[in-house]
Amino acid sequence: MVARSVAKFGSPELQSEVLPKVFSGQVRLCLGYTEPEGGSDIATCKTRAVRDGDGWIINGSKMFTTGAHKCQYVFLITNTDPEAQSTRAGPCFWCASIHRAIDIQGIALSTVDRTNIVYYSDVRVDDKYRLGEINAGWTVLREPLNTEHGAVAAARMGCRTSRS
């Protein structure tokens, strides 16, 4: 479901780097939505992305990031403008989960599954990993949520690959 957003909103460079690896099963993806203080209310996003030259510096934390310890990329929601309306979420980012400034800590559950809290501390992300326009993250975010909720049809392999 996340691959749809990369196909629709990612730069050609990002698409060629990520999509073949996703479709071949070489890499896994996870969702970085929920925050410790905001729960699943994405409009309260406090994880910050601050522009720094040709990239971004990310600081904050995400809760219940299932699979983060096994994934290579995270579909991360950030806030670039804390003064903007809450409905204008910042851009979505991909960033490598295996990064020296990311701390992934397991959360014990009553099931056999593991989820995580992930801390981002001065994580540098190149602008090529940004999906969508700055402060227009809701547009990007709707793609995987619509897929998750059945609002769009999935291809037989579980994700739609057309760029229409």
Item to check | Separation between CG of Leu76 and OG1 of Thr65, rounded to the nearest 0.5 Å | outcome: 8.5 Å
Checklist entry - Please, which pairs that meet salt bridge (charged side-chain N to carboxylate O under 4.0 Å, His left out) have at least one residue in residues 14-28, sequence neighbours excluded? => result Glu17-Lys128
Next on the checklist: The criterion is side-chain hydrogen bond (donor to acceptor under 3.5 Å, both in side chains); which residues satisfy it with Gln105, sequence neighbours excluded?
Outcome noted: Asp103
Checklist entry - side-chain hydrogen bond (donor to acceptor under 3.5 Å, both in side chains) with Thr115: which residues, sequence neighbours excluded? => result Thr66
Next on the checklist: Grouping I, L, V, M, F, W and Y whenever their side-chain heavy atoms are under 4.5 Å apart, do Ile117 and Val123 come out in a common cluster?
Outcome noted: no
Checklist outcome for this item: Applying side-chain hydrogen bond (donor to acceptor under 3.5 Å, both in side chains) to Asp122 and not counting sequence neighbours gives Asn59
Next on the checklist: Is there a path of hydrophobic side-chain contacts, each under 4.5 Å between heavy atoms of I/L/V/M/F/W/Y residues, joining Tyr129 to Val27?
Outcome noted: yes
Item to check | Exam field: side chain Ser5 to backbone Val140, donor-acceptor pair closer than 3.5 Å | outcome: yes
Checklist entry - Taking atom OG1 of Thr139 and atom NZ of Lys8, what is their separation to the nearest 0.5 Å? => result 9.0 Å
Checklist entry - How would you list, by chain and number, every residue that makes a side-chain hydrogen bond (donor to acceptor under 3.5 Å, both in side chains) with Arg124, sequence neighbours excluded? => result Asp52, Asp54
Next on the checklist: Using only atom types and a distance under 3.5 Å, with no angle test, would you say the side chain of Thr47 pairs donor to acceptor with the backbone of Ser61?
Outcome noted: yes
Checklist entry - How does the hydrophobic cluster around Val50 look, that is, which other residues are in it when side-chain heavy atoms under 4.5 Å mark a link? => result none
Checklist entry - For residues 67-80, which residue pairs qualify under salt bridge (charged side-chain N to carboxylate O under 4.0 Å, His left out), counting only residues two or more places apart or in two chains? => result none
Item to check | side-chain contact (heavy atoms from CB on, under 4.5 Å) against Lys46, all qualifying residues, sequence neighbours excluded | outcome: Glu35, Glu37
Next on the checklist: Show me the pairs that pass ring-ring contact (aromatic ring centres under 6.0 Å, His included) and involve residues 43-71, at least two apart or across chains.
Outcome noted: Trp56-Phe93
Checklist entry - For the atom pair CZ (Phe9) and CZ (Arg130), what is the distance rounded to the nearest 0.5 Å? => result 12.5 Å
Next on the checklist: According to a hydrophobic-cluster definition based on side-chain heavy atoms being under 4.5 Å apart (Ile, Leu, Val, Met, Phe, Trp, Tyr only), do Val18 and Ile102 belong together?
Outcome noted: yes
Checklist entry - Rounded to the nearest 0.5 Å, what separation is found between the SG atom of Cys71 and the CG atom of Asn116? => result 9.0 Å
Checklist entry - So how far is it from Ile58 CD1 to Ser121 OG, rounded to the nearest 0.5 Å? => result 11.5 Å
Item to check | Working for side chain to side chain contact (heavy atoms under 4.5 Å, CB included), residues Phe75 and Leu131 | outcome: CA-CA 9 Å; Phe75 186 69; Leu131 295 175; 3.4 Å; yes
Next on the checklist: Applying a strict under-4.5 Å side-chain criterion to I, L, V, M, F, W and Y, I'd like to know whether Val125 and Ile57 cluster together.
Outcome noted: no
Item to check | Euclidean distance, Thr34 OG1 relative to Lys62 NZ, rounded to 0.5 Å | outcome: 8.0 Å
Next on the checklist: Just to verify, what does Tyr73 make a ring pair (Phe, Tyr, Trp, His ring centres under 6.0 Å) with, not counting sequence neighbours?
Outcome noted: Trp94
Checklist entry - Do Phe23 and Leu29 belong together in a cluster built from hydrophobic side chains that touch within less than 4.5 Å? => result yes
